[in-house]
Amino acid sequence: MIDVDNLMRGQNYLELKESFVIFITTFDPFGYKMPVYTFKNICKENTNITLEDETSKIFFNVTAYKKESDVEIRCFMSYLFNKKPTDDFTRKIDRLVNELKYNENFKTRYTDMEAVWVTDAKRQGRLEGALQKAMESAKKFLSMGLSAEQVAEGTGLSIAEVQELTQKTYKAN
């Protein structure tokens, strides 16, 4: 989704802007006791090939903050882990967090945003459920000998989706 939002129609994939997906975890997601894990997209079949999409996924494991060499990042991670500010930046964050905790306007706006997120997640779940049902129906129709065009018309799937499903079903058998 990030790539789609950053690339205009007709633009070359290599023109994507640099982007970061940052995860801050209160546990070690990979079990190597490292404070930071940074990932770039590489080909599984040939690790010499990189996607060159300028996307980085960075996991900050705050439980290992003591091992972080960058002092500012270490202070921030320590704050997230211990809930105690240790420098000017984390004191400012702590002050803002405490102000927002008691700000009724912010609470209302946050609750409204949360309601939108929940609604979007439910809508997405319904769409995924409807697609799954359409795929199951398509499989049944195909097993009954209906053509791809008939199955597409009956399920609302595209002919390409039905044909792909036909190929997958054929390969599985």
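- Of the inter-residue distances, the one linking L127 atom CG with Q124 atom CD reads 5.5 Å to the nearest 0.5 angstrom.
- Remark: S158 engages E161 in a side-chain hydrogen bond (donor to acceptor under 3.5 Å, both in side chains) (not counting sequence neighbours).
- The side-chain hydrogen bond (donor to acceptor under 3.5 Å, both in side chains) pairs that include a residue from residues 65-77 are Y65-N82, where partners are two or more places apart or lie in different chains.
- Considering every non-hydrogen atom in both V62 and I24, the closest pair reads CG1-CG2, 3.8 Å.
- Not a single salt bridge (charged side-chain N to carboxylate O under 4.0 Å, His left out) links R126 to another residue, sequence neighbours left out.
- Taking the side-chain hydrogen bond (donor to acceptor under 3.5 Å, both in side chains) definition, one finds that T86 meets it with nothing, sequence neighbours left out.
- With sequence neighbours excluded, the residues satisfying side chain to side chain contact (heavy atoms under 4.5 Å, CB included) with M144 are F141.
- A donor-acceptor distance shorter than 3.5 angstrom exists from the side chain of T25 to the backbone of F60, with no hydrogens or angles considered.
- Considering only residues two or more places apart in sequence or on other chains, F30 meets the ring pair (Phe, Tyr, Trp, His ring centres under 6.0 Å) condition with Y37, F39, F59.
- Under the side-chain hydrogen bond (donor to acceptor under 3.5 Å, both in side chains) criterion, Q150 pairs with S147, sequence neighbours left out.
- D94 places no side-chain N or O within donor-acceptor distance of the main-chain N or O of T90, the cut-off being under 3.5 Å.
- Within the structure, salt bridge (Lys or Arg N to Asp or Glu O under 4.0 Å) pairs that include any residue of residues 75-90 comprise D88-R91 (at least two apart or interchain).
- Looking at heavy atoms from C-beta onward, F81 lies in side-chain contact with T63 at the 4.5 angstrom threshold.
- D28 places a side-chain N or O within 3.5 Å of a backbone atom of Y32 that can act as its donor or acceptor partner.
- No side-chain N or O of K33 forms a donor-acceptor pair with one of N61 less than 3.5 Å apart.
- Under the salt bridge (charged side-chain N to carboxylate O under 4.0 Å, His left out) criterion, E128 pairs with no residue, sequence neighbours left out.
- Within the model, atoms OG1 of T38 and CD1 of I22 stand 9.5 Å from one another, a figure rounded to the nearest 0.5 Å.
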Which atom pairs, donor and acceptor, lie under 3.5 Å between side-chain atoms of residues 130-138 and protein residues at least two apart or in another chain?
| unit_1 | atom_1 | unit_2 | atom_2 | d |
| --- | --- | --- | --- | --- |
| Q132 | NE2 | E136 | OE2 | 3.2 |
| S137 | OG | K133 | O | 3.1 |

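- Inspection of the S56 and K40 side chains reveals an N or O donor paired with an N or O acceptor under 3.5 Å.
- Cluster membership for V21 and I42, using ILVMFWY side-chain heavy atoms within less than 4.5 angstrom, is not shared.
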What verdict does the side chain to side chain contact (heavy atoms under 4.5 Å, CB included) test give for T26 and L80, after you've listed the backbone C-alpha separation in whole Å, the side-chain angles of each residue and the deciding distance to 0.1 Å? CA-CA 8 Å; T26 56; L80 294 173; over 6 Å; no
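- The closest side-chain heavy-atom distance from V151 to L157 is not below 4.5 Å.
- Annotation: side-chain hydrogen bond (donor to acceptor under 3.5 Å, both in side chains) contacts of K92 (sequence neighbours excluded): none.
- How far CG of L100 is from CG of N105: 10.0 Å, rounded to the nearest 0.5 Å.
- L142 and I159 end up in different hydrophobic clusters when Ile, Leu, Val, Met, Phe, Trp and Tyr side chains are linked at under 4.5 Å.
- Scanning for salt bridge (charged side-chain N to carboxylate O under 4.0 Å, His left out) contacts around R95 gives an empty result, with sequence neighbours left out.
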